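Written below as structure tokens is the structure these notes are about.
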Amino acid sequence: MSARDQLSAPTIRLSDYRAPAWRVERVELEFDLGIDVTEVSSRLFLRRDPAQIEPLRLDGEGLELLSIVLDGQPLEPSRYRQSEAELEVDGARDGSVLETRVRVRPARNTALEGLYLSGSRETGFLLTQCEAEGFRHITFLPDRPDVLARYTVTLRADKARFPVLLAGGNPDGAGDMQDGRHWARFVDPHPKPSYLFAAVAGRLEKIERDYRTADGREVKLVIWSEANVIDRCHYAMDALERSMRWDEQAYGRNYDLDVFHVVATHDFNMGAMENKGLNIFNAKYLLADPDSTTDDEYRAVEAVVAHEYFHNWSGNRVTCRDWFQLSLKEGLTVFREQQFSADMNSLALKRIEDVALLRRAQFPEDAGPLAHPVRPAQYSEINNFYTATVYEKGSELVRMLAGRLGEQGFRRGMDLYFERNDGQAATIEDFLGAVGEANGVDLSPYLAWYAQAGTPRLRASGRYDAMRREYVLTLAQHTPPTPGQADKRALPIPVKLALFARDGRMLPLQVDGHPQAGATELVVVADKAEQQIVFREVDAAPVPSLLRGFSAPVILEGMDSAADLALLLRHDADGFNRWQAGQQLATCAYEALREHGGGEAVEAWSEALAGLFAEDGVDPALLAELMTPPGEVELAEREREANPERIYAMRQQLQRRLAERLGAEAILARYQSLVAATSAQLDAVSQAQRRLKRRMLDLLCLLDVPRAQALAAGQYEQAPGMTDRLAALSVLVRTAAPQAAGALAHFRQRYADNPLALDKWFSVQTQHPGEPALATVQALERDAAFTLKNPNRVNSLYGAWTRSNPSGFHRADGAGYRLLAERLAELDALNPQIAARLATVFNGWRRLEPVRRARAREAIAALAEREGLSRNLAEIVQSMLHE
Ligand code: B3K
Ligand code: ZN
């Protein structure tokens with residue numbers, strides 16, 4: 001079947017939602033585990049909705065049905081029908097018990113969904129992944145999130161090969177059997193949907209910690225991994241404990257089982273999974289040690305551990321009614337994790353990182369053929385909707401509400417939301433309803449944000465009237481059309497703002513009808529196509545600082561006076577806003593350089609940064625961020641006919657202007673003082689120093705390549721940890737240094753047994769700008785350590801090349817596109833989820849310059865024509881080509 005034929009793949013629509021005709025009260029599962037063959041017996045205690053007449057239909061894919069018994073009676077084949085995806089059973093009634101036994105084949109499961117093998121047949125272990133619809137690959141059940149059941153799970157396996165047996169819930173007995181096998185049982189007292197089911201079996205080691213919740217429960221925290229990496233789990237354990245405390249304090253949420261298991265695997269389709277009581281993690285987001293983990297990765301481990309833990313309430317205790325409501329758990333949990341990470345680290349830096357991610361990943365999604373609302377209206381394959389829009393934009397929507405209600409009001413709202421929906425499958429309306437009701441406000445206008453795709457443009461313009469001593473700010477909004485949504489309505493956009501005097505002071509604000517007269521910062525909600533705000537008693541034309549803290553996920557237009565932005569970049573006390581002004585100014589500078597070879601903005605940008613560089617008080621991490629212009633992806637977003645090669649070159653030129661303004665000697669001096677201060681510590685100060693040191697080295701590359709290379713080679717050799725080592729290696733690779741080959745060979749050998757570090761060895765080599773990157777990628781594909789079967793490895797090669805090196809991927813001859821399309825087809829046969837996700841790198845193809853656009857189109861179209869594409873990949877390529 002080619003993608004075009006698959007247009008018939010069913011479209012699931014939010015508007016078609018119906019409550020389940022059949023529910024399952026209780027599930028008893030028994031697994032006889034084996035690598036090649038596992039048999040699963042299930043007993044479902046069924047309830048029927050008396051108002052519906054549907055026959056009993058259970059989801060099940062790729063299951064070999066061995067036996068079926070209804071209410072104690074084996075069923076004749078005439079009384080049930082099994083199709084590719086369903087089992088329909090006659091004669092079931094309210095209270096019936098259906099027993100099935102099925103066979104599945106874990107070792108053949110390369111899609112990593114359902115029950116599969118991680119690692120080798122000899123030493124690997126078995127595990128499950130069910131979200132979104134993996135459970136149906138394990139046994140028959142109504143596999144939808146609004147069917148919540150109590151699970152009892154018994155695992156049986158050979159004791160020597162599978163000494164550890166785990167499932168979600170509390171342990172409820174274990175023992176040996178006569179035949180060398182053993183068993184273990186788990187009972188989960190909390191009703192849950194099937195996507196939160198998990199089981200694990202194999203040779204695993206553990207670290208443990210006792211934890212006492214604020215409400216007095218004694219909990220055993222256990223992290224499991226293969227023996228050779230168990231020493232690298234301690235940081236995650238600390239992060240878990242911090243997360244649990246934080247959720248108690250910030251949201252009053254306590255953990256609710258006697259055990260909390262976490263398991264690390266190298267074979268996983270995403271970051272991690274919040275299965276009830278048995279989280280499963282991609283090793284990339286769990287293992288950490290200074291020798292092989294960068295600072296950024298440490299923060300990512302902390303964030304993902306927290307994210308999965310927080311799901312225990314936002315996702316598990318209160319789950320989603322259907323997959324359209326995915327952001328109900330994901331947007332909310334990302335927001336909670338962002339709050340936590342800001343509390344653990346730096347508020348300003350966290351906000352900068354999150355907004356940068358939104359702009360790099362979500363804005364392009366919202367502007368391209370895959371644009372969809374935070375609550376999509378339809379899908380063909382739900383796994384394609386675990387997107388930056390659902391996650392990151394979803395989090396921004398929660399943040400808007402939280403900002404609107406204030407800390408206490410939001411907490412009140414969350415308390416009511418959790419209380420009212422505990423044990424239920426909820427909707428976005430339930431969320432807005434509870435949070436609004438607790439505060440006596442109607443939040444329903446915000447529903448439009450969940451239903452409308454595309455990033456709103458907010459155009460601001462100011463006019464000062466000296467006679468009346470008034471400053472009039474006009475805010476106009478519009479959202480460009482997105483596929484399937486031509487007409488857009490005005491949205492409530494909270495704009496946090498301040499006015500600055502020319503000397504950098506914040507002005508007290510007098511706005512008619514606004515209660516907080518005299519405050520220096522306030523929030524106005526722009527909810528019309530155009531509106532004006534009049535500030536009174538303003539003595540001179542002020543400098544507006546808008547959208548402070550990024551108070552809404554919009555693109556701000558119109559505020560591009562270089563002098564104004566430079567003033568904010570120098571004076572704004574809020575780190576995020578300072579960065580924001582710097583990004584806007586850098587964008588103006590970039591465009592001035594491109595259009596006129598220079599200009600006022602270029603001078604203003606480099607001058608303001610030189611001033612900050614010379615000051616003592618600026619946090620080095622913030623300074624490093626301030627000195628980084630928007631990335632190539634973000635700059636490309638502003639163009640109709642993007643040429644990634646040219647964007648790369650112009651951005652380099654812009655940075656060279658900055659480097660020249662600072663001067664090689666000053667950069668070198670700062671670099672050297674940071675080298676002197678280098679330690680292997682993980683504290684914020686040491687991390688900040690490494691961040692700035694890296695920036696210094698990059699800037700020096702723009703002025704004096706041999707010197708930067710020599711320094712990088714020295715830094716590589718002396719690096720006390722991975723952050724410095726990788727930064728140095730990256731400079732050597734990107735500048736094609738003579739020292740690069742030796743360092744790469746050394747790195748390769750040193751980390752031969754560490755797959756996560758080896759992933760970095762692959763990634764870093766894809767970063768050589770421009771045409772040479774392709775040959776490197778091809779050489780790396782032939783490396784003995786490369787495999788299409790491991791998602792981390794695939795991402796470390798193709799993901800890094802296509803997403804982080806636009807000038808290397810988007811070759812004018814289209815060879816990059818052809819290679820990727822070819823690999824996507826191969827990958828799709830193994831792992832459709834990973835193939836579909838990688839395919840989204842073609843998202844911006846329509847806004848490439850004409851030559852590249854034509855080549856990209858050819859590659860995507862050829863892919864779409866292939867036989868037998870998965871529903872996952874087919875949906876992506878079809879949407880991509882859709883006019
Ligand atoms: N809920 C999982 C993601 C599942 C993705 C399924 N394709 C991880 C998370 O967001 O926490
Ligand atoms: Zn999540």
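Computed from heavy atoms alone, side chains included, the values below leave out hydrogens, waters and symmetry copies. Since the model is a prediction, treat every value here as computed from it, not as a measurement. Atoms within each ligand, like the ligands themselves, are counted from 1 in listed order.
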For [atom], which protein heavy atom lies nearest, and how many Å away is it?
| atom | answer |
| --- | --- |
| atom 6 (C) of ligand 1 | E131 O, 3.2 Å |
| atom 10 (O) of ligand 1 | Y391 OH, 2.5 Å |
| atom 8 (C) of ligand 1 | A272 O, 2.9 Å |
| atom 7 (N) of ligand 1 | N383 OD1, 2.7 Å |

Donor + acceptor pair across side chains of [X], [Y] (<3.5 Å):
| X | Y | answer |
| --- | --- | --- |
| W246 | D343 | yes |
| T387 | H372 | yes |
| Y251 | S314 | no |
| E330 | H307 | yes |

### Message
Checking F335 now: which residues fulfil ring-ring contact (aromatic ring centres under 6.0 Å, His included) with it, not counting sequence neighbours?
### Response
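F335 satisfies ring-ring contact (aromatic ring centres under 6.0 Å, His included) with F410 only.
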Proximal ligand 1 atoms for [X], defined as those under 4.0 Å from one of its heavy atoms:
| X | answer |
| --- | --- |
| K329 | 1 (N) |
| M273 | 1 (N), 2 (C) |
| H311 | 9 (C), 10 (O), 11 (O) |
| Q833 | 7 (N) |

### Query
Between H307 and ligand 1, is there a nitrogen or oxygen pair with a distance under 3.5 Å?
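So ligand 1 has an N or O lying under 3.5 Å from an N or O of H307.
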### Message
Would E274 count as a polar contact of ligand 1, with the cut-off being nitrogen or oxygen pairs under 3.5 Å?
### Response
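Looking only at distances, the answer is yes, because the N/O contact criterion of under 3.5 Å is met.
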### Query
Between R871 and S380, is any pair of side-chain heavy atoms under 4.5 Å apart?
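The answer is yes, as the side chains (C-beta and beyond) meet within the 4.5 Å cut-off.
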### Task
Output the atom name for the N/O/S atom of E330 with the smallest distance to the Zn ion (ligand 2).
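Sorting the N, O and S atoms of E330 by distance to the Zn ion (ligand 2) puts OE1 first.
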### Message
Just to verify, what does Y285 make a side chain to side chain donor-acceptor pair (under 3.5 Å) with, not counting sequence neighbours?
### Response
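Y285: no side chain to side chain donor-acceptor pair (under 3.5 Å) contacts found.
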### Query
Would you say the side-chain atoms of E248 pair up with the backbone N or O of A214, donor to acceptor, closer than 3.5 Å?
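Yes; at least one donor-acceptor contact below 3.5 Å.
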